[in-house]
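Since the structure comes first, as structure tokens, the remarks are kept for the end.
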Amino acid sequence: NGQNPSRMAAFSLTPADTYGAYYYLYAALASVNNAIDRGLLLEDQEGAAPYIAELYAMRGLFHFHLATYFAPIPTSGSANTMGLVLADKVHDISYIGERATLDQTYKLITDDFSKAIESGLNKDKKTGHLNYWAALGLRARAYLYWGKYTEALADCKELLKDSPYTLYTPENYTSVWSQEGTDEMLLEYLQTDTYNAQRYAPGYYTSPEGYSEYGVSEAFYNWLTADANDVRSQMVAHYTQAPAGFTGATYNPGYYPLKYPGKSGSATPTYTNNIKVMRLAEVYLIAAEAALKVEPASAAGYLNDLRKKRITGYTDVASVTIDDILDERRKELFAEGHIAFDFWRNGKDVVNSFGTIKPTDNKTVLPLPKEELDLAKGKLVQNPGYGN
């Protein structure tokens with residue numbers, strides 16, 4: 001909300017800025033809970049069961065989004081142990097919730113993914129839906145954040161062994177970003193010419209012809225493009241001047257990611273980009289990180305398998321460190337919303353041109369919105385460092 005990327009980068013958002021990040025997810029959870037209640041009342045339980053399983057997984061995912069924004073990561077070492085107001089049922093309009101603990105929050109998240117997984121349903125690919133495999137991968141992600149490394153690795157092993165998804169290759173990696181339902185896309189939020197057909201898609205934020213508010217640093221550009229054998233080096237660009245014949249209002253030179261070129265066939269491509277929620281590549285990276293904690297001898301294998309699909313002429317390595325894994329996450333998942341959380345999850349600082357944010361800093365967590373606090377009649381506790 002508010003087109004404040006510079007304030008996001010400076011970690012200077014206030015309770016007046018975070019309503020959109022809070023409200024829409026809780027509104028979605030209310031819809032999910034209503035749908036679950038009605039689904040459980042249906043006489044045709046068998047027909048409703050696949051939808052109910054997906055709804056439970058959606059409830060886990062929406063809580064996870066909220067936890068990432070508004071609660072500290074359990075493994076970060078933060079003194080703040082407050083979790084979310086949990087939305088696991090339909091409440092009366094007068095209900096005012098109180099914050100659960102972090103453990104209670106992550107237990108609800110993983111339990112909801114487990115409900116979807118234990119149903120055994122929805123194992124076919126279905127673009128835009130949260131199927132069995134996406135629930136398994138997202139549960140692994142949640143376990144990783146919670147520090148449940150054995151459980152995270154077990155989920156990754158099942159997914160990598162049995163799922164119908166395959167990694168992109170050096171031959172197709174640069175072309176998949178304009179497509180839908182690609183080989184390794186476990187879950188994406190769909191956008192079309194009629195749904196969110198505006199400038200609020202990430203393509204418009206990452207284009208020199210659009211808002212141009214989300215880019216990469218020159219240092220990151222130089223680092224990523226240093227190895228021409230790595231296909232990911234082709235996923236950033238340095239725009240220096242407007243192309244010949246440019247007739248737009250503004251053109252903003254700079255360094256930009258190329259992961260949001262617009263959906264193929266869209267009327268206005270920069271307005272229409274699917275949001276990448278989880279790709280198979282992330283599962284390999286979760287497996288490597290979890291394995292490093294509990295069976296370190298196997299960690300390198302997961303990075304080797306991923307790198308072979310990204311780097312021409314790659315030679316396997318025998319061992320990896322957490323810094324190797326984080327570097328790989330930076331190369332693979334940049335511009336997809338992970339890296340700051342990856343660093344804090346592993347006790348490392350995030351450094352940018354605005355300064356250094358340590359994993360225990362209160363600014364790693366957004367403030368609850370003023371609107372919610374005003375309605376809570378003193379029952380809702382604000383995150384530390386943001387006032388009352």
Side-chain angles (χ1 to χ4, degrees), residues 5 125-131 133-134 137-138 141 163-217 220-221 223-225 227-239 243 252 254-285 306-312 328-339 342:
K125 281 187 174 183
K126 195 173 183 184
T127 299
H129 283 261
L130 208 171
N131 67 7
W133 306 108
L138 290 163
R141 185 197 286 174
S163 85
Y165 299 91
T166 58
L167 286 171
Y168 302 144
T169 67
E171 291 72 33
N172 71 1
Y173 192 87
T174 59
S175 64
V176 295
W177 304 96
S178 63
Q179 301 170 28
E180 190 170 275
T182 50
D183 293 340
E184 67 174 60
M185 190 62 68
L186 272 69
L187 180 63
E188 54 194 315
Y189 292 141
L190 304 188
Q191 295 183 336
T192 69
D193 285 334
T194 54
Y195 180 79
N196 199 36
Q198 284 292 336
R199 297 175 176 86
Y200 305 118
Y204 205 75
Y205 284 87
T206 58
S207 167
E209 300 177 25
Y211 289 136
S212 312
E213 292 179 329
Y214 292 100
V216 301
S217 68
F220 180 83
Y221 173 87
W223 178 72
L224 191 65
T225 57
D227 182 2
N229 290 323
D230 191 328
V231 69
R232 294 168 297 194
S233 67
Q234 301 176 46
M235 296 308 300
V236 287
H238 181 197
Y239 297 110
N252 298 290
Y255 300 90
Y256 294 95
L258 300 179
K259 289 186 172 180
Y260 300 97
K263 191 187 297 186
S264 178
S266 295
T268 309
T270 54
Y271 290 10
T272 311
N273 292 262
N274 288 354
I275 306 298
K276 288 86 175 142
V277 182
M278 176 162 253
R279 297 190 287 115
L280 188 65
E282 186 191 346
V283 180
Y284 281 89
L285 292 162
L306 176 60
R307 287 170 174 170
K308 287 173 187 175
K309 298 293 186 180
R310 303 293 186 257
I311 304 171
T312 303
E328 203 66 28
R329 290 186 70 95
R330 289 184 75 200
K331 291 178 181 178
E332 183 63 39
L333 300 174
F334 77 91
E336 295 179 58
H338 294 276
I339 192 61
D342 296 339

Partner set under ring-ring contact (aromatic ring centres under 6.0 Å, His included) for Tyr255, not counting sequence neighbours: Tyr221, His238
Tyr168 vs Trp177 aromatic rings, parallel, tilted or perpendicular, using cut-offs 30° and 60°? perpendicular
Main chain of Pro202, side chain of Asn273: is a donor-acceptor contact present, judged purely on distance under 3.5 Å? no
Has Thr268 got a side-chain atom pairing as donor or acceptor with Thr270's backbone, closer than 3.5 angstrom? no
Nearest 0.5 Å, what's the CZ-CD1 distance between Arg232 and Ile311? 5.5 Å
For Ile339 and Leu333: C-alpha separation, side-chain torsions, deciding distance, then whether side chain to side chain contact (heavy atoms under 4.5 Å, CB included) applies. CA-CA 8 Å; Ile339 192 61; Leu333 300 174; over 6 Å; no
Side chain proximity check, Thr166 to Glu184, heavy atoms < 4.5 angstrom: no
Quick one: are Tyr256 and Val236 in side-chain contact, heavy atoms under 4.5 Å? no
Do Leu187 and Leu138 have side chains that get closer than 4.5 Å, going by heavy atoms? yes
Where is the tightest heavy-atom contact between Leu280 and Leu167, given as atom of each residue plus distance? CD2-N, 3.7 Å
Asp230 and Arg310 ion-paired at < 4.0 Å: no
Heavy-atom pair with the smallest gap, counting every atom of Tyr205 and Ala201: CD1-O, 3.4 Å
Any sub-3.5 Å donor-acceptor pair from Ser266's side-chain atoms to Ser264's backbone N or O? no
Would you call the rings of Trp223 and Phe220 parallel, tilted or perpendicular if under 30° counts as parallel and over 60° as perpendicular? tilted
Polar side-chain atom of Glu188 near backbone of Gly181 as donor-acceptor pair, under 3.5 Å: yes
Set out, in order, the CA-CA distance, both residues' side-chain angles and the distance that settles side chain to side chain contact (heavy atoms under 4.5 Å, CB included) for Glu332 and Arg279, then state yes or no. CA-CA 10 Å; Glu332 183 63 39; Arg279 297 190 287 115; 2.9 Å; yes
Looking only at heavy atoms, which two atoms of Gly215 and Pro257 are closest? And how far apart? CA-CD, 4.0 Å
Do Glu336 and Arg329 sit within salt-bridge range, that is, some charged N less than 4.0 Å from a carboxylate O? no
Go through the steps to decide whether Thr169 and Glu171 satisfy the test side chain to side chain donor-acceptor pair (under 3.5 Å), and finish with yes or no. CA-CA 5 Å; Thr169 67; Glu171 291 72 33; 3.2 Å; yes
What is the ring orientation for Tyr204 with Tyr211, classed by angle as parallel under 30°, tilted 30 to 60°, or perpendicular over 60°? perpendicular
Would you say Tyr165 and Met185 make side-chain contact, with heavy atoms under 4.5 Å? no
Between Ser178 and Pro261 (side chain of the first, backbone of the second, donor and acceptor by atom type, cut-off under 3.5 Å), is there such a pair? no
Minimum-distance pair of heavy atoms, taken over all atoms of Gln191 and Thr272: O-CG2, 3.5 Å
Identify the heavy atoms of Asn252 and Gly210 that sit nearest to each other, and give their distance. ND2-O, 3.8 Å
So Asn274 and Lys263, side chain to side chain donor-acceptor pair (under 3.5 Å) or not? Walk me through it. CA-CA 7 Å; Asn274 288 354; Lys263 191 187 297 186; 3.2 Å; yes
Output yes when a side-chain donor or acceptor of Lys259 lies under 3.5 Å from a complementary backbone atom of Phe334, and no otherwise. yes
Are Leu285 and Leu306 side-chain neighbours, meaning at least one heavy-atom pair lies under 4.5 Å? yes
